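Chain letters run A, B, ... following the sequence lines, proteins first and then strands; every chain starts at 1. Just so we're clear, the structure is a prediction, and the values are computed from it rather than from any experiment.
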2 protein chains.
Amino acid sequence: MTFDRIDLKILDILQRDATVPVARIADKVGLSQTPCWKRIQKHEEAGVIRARVALLNPDALGLSLTAFVMVEAIDHTAEWRTEFLTVTETLEPVRDIYRLAGTHDFMLRVVVPDMPAFDAFYDTLTSSIRLRSVSSVFALEQVKACTALPLSGLFPSPN
Amino acid sequence: MTFDRIDLKILDILQRDATVPVARIADKVGLSQTPCWKRIQKHEEAGVIRARVALLNPDALGLSLTAFVMVEAIDHTAEWRTEFLTVTETLEPVRDIYRLAGTHDFMLRVVVPDMPAFDAFYDTLTSSIRLRSVSSVFALEQVKACTALPLSGLFPSPN
DNA sequence: GCTGAAAATACTAATAC
DNA sequence: GTATTAGTATTTTCAGC
């Protein structure tokens, strides 16, 4: 799949604000409405646009504690990994799961209301699966939150 | 600000899929269209709904390397912090900035196309501001990605 | 690939209940 | 809160260049 400058511009607008009407996007990228709409449609079908979602304010909802939990596997079998993912994917506070390079095997981004809730999560995690080590990092504040990808550094495909 | 079950349900629907029309949301939460639309409007004005955005697929755009960079401040003055935030907020690959509790002071989520790009970012960062220590963790794969907040564990406000 | 316009849908706001 | 209405905006499709 290739992207020209116009594609990147369209995607960049939408990943910042998905409420911008197609007519205005078309105007900004120098296209008329129909071809612009068709490109967006194509990107949606191809899965380049994964979803359109509303971003909520965690503090307003009392979800002000974010923790990053780094985990070492007890062994490196396929069975352990499968079980680990099955357990963590179904745990409510786990928002993201990253498989890591280096000494730690996985990192979880965990969102909970407060420390007692984190403690409860920690108990559930450690009693659900055996781990070699767990180390948690707590965020006091999220200074910047950005779901958009850094597209401006990308070169358009030469096709 | 208080949220009843209906508010939480509405927000949960929108944070998973913001394309669902108000009529269908109203139907799902057992409200008619007008009050449902007014609640959504209220949450948008109050900033509970921060934004509506499109989520893009990083791999499709050649942005497959995510790194978490943990930083220790060289000192704990207000000046250092201000400068650090000024520098990092303007660096393209930096998507999120967390202020941490513990030995490390900040963690950055960094998204780049590949290792050379990360190397370039690292050079820019370390030459822009003095740091006591930097340690990076690299993600091989993002197994789960979820921007939605875990609302199902929340109790509705008793009002 | 593009333009322009029509049709279908959804949103927004106001009404009376 | 509901139901209905109407006007506006947007999305989507359909012709033709």
Side-chain angles (χ1 to χ4, degrees), chain A residues 1-57 60-61 147-149 151 154-159, chain B residues 1-57 60-62 147-149 151-152 154-159:
Chain A
M1 185 151 307
T2 65
F3 304 93
D4 60 14
R5 273 179 192 79
I6 294 178
D7 285 315
L8 294 177
K9 191 81 199 294
I10 292 172
L11 293 171
D12 202 31
I13 292 170
L14 283 175
Q15 72 170 344
R16 288 170 204 286
D17 185 0
T19 68
V20 181
V22 181
R24 206 205 307 271
I25 299 174
D27 193 51
K28 286 193 180 182
V29 303
L31 240 55
S32 62
Q33 198 167 326
T34 308
C36 183
W37 180 82
K38 280 186 180 170
R39 284 180 188 237
I40 295 171
Q41 210 64 11
K42 194 185 66 180
H43 294 321
E44 233 143 33
E45 279 162 21
V48 179
I49 298 176
R50 255 179 45 214
R52 288 158 181 263
V53 301
L55 301 178
L56 306 183
N57 182 347
L61 290 149
T147 57
L149 297 174
L151 299 183
L154 295 180
F155 293 101
S157 314
N159 303 39
Chain B
M1 184 151 308
T2 64
F3 304 94
D4 60 13
R5 273 179 192 80
I6 294 177
D7 284 315
L8 294 177
K9 191 83 198 294
I10 291 171
L11 292 171
D12 201 32
I13 292 170
L14 283 175
Q15 72 170 343
R16 289 170 202 287
D17 185 1
T19 68
V20 181
V22 181
R24 206 204 308 270
I25 299 174
D27 193 50
K28 285 193 181 183
V29 302
L31 240 55
S32 62
Q33 198 167 328
T34 308
C36 183
W37 179 78
K38 280 185 181 169
R39 284 179 187 238
I40 295 171
Q41 210 64 12
K42 195 186 64 181
H43 294 320
E44 232 145 33
E45 280 162 19
V48 179
I49 297 175
R50 255 179 46 215
R52 289 159 182 262
V53 302
L55 300 179
L56 306 184
N57 182 346
L61 289 150
T147 57
L149 298 174
L151 298 184
S152 58
L154 295 181
F155 293 102
S157 312
N159 302 41

For residues [X] and [Y], report the shortest heavy-atom separation together with the two atoms involved.
X: B:Gln33; Y: B:Ala23; answer: OE1-CB, 3.8 Å
X: A:Arg52; Y: A:Glu44; answer: NE-OE2, 2.7 Å
X: B:Leu56; Y: A:Arg50; answer: O-NH1, 3.9 Å

Side chain to side chain, [X] and [Y], heavy atoms closer than 4.5 Å:
X: A:Lys38; Y: A:Leu31; result: no
X: B:Leu154; Y: B:Phe3; result: no
X: B:Val22; Y: B:Gln41; result: no
X: A:Ile25; Y: A:Ile40; result: yes

Legend entry - Criterion salt bridge (Lys or Arg N to Asp or Glu O under 4.0 Å) on B:Asp12 and B:Lys28, from CA distance to verdict: CA-CA 11 Å; B:Asp12 201 32; B:Lys28 285 193 181 183; over 6 Å; no
Between [atom2] on [N] and [atom1] on [X], what's the gap in Å once rounded to a whole number?
X: A:Arg39; N: D:dT11; atom1: CZ; atom2: C1'; answer: 19 Å
X: A:Asp27; N: D:dA9; atom1: CG; atom2: P; answer: 16 Å
X: B:Ile40; N: D:dG1; atom1: CD1; atom2: C1'; answer: 16 Å

Legend entry - Sorted by number, the residues of residues 44-57 of chain A with heavy-atom contact under 4.0 Å to DNA chain C: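 The stretch gives none, as no residue of it lies under 4.0 Å from the strand.
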Legend entry - Sugar-phosphate or base contact per nucleotide [nucleotides 4-17 of chain C; S, B, -; heavy atom under 4.0 Å]: BB-----SBSB---
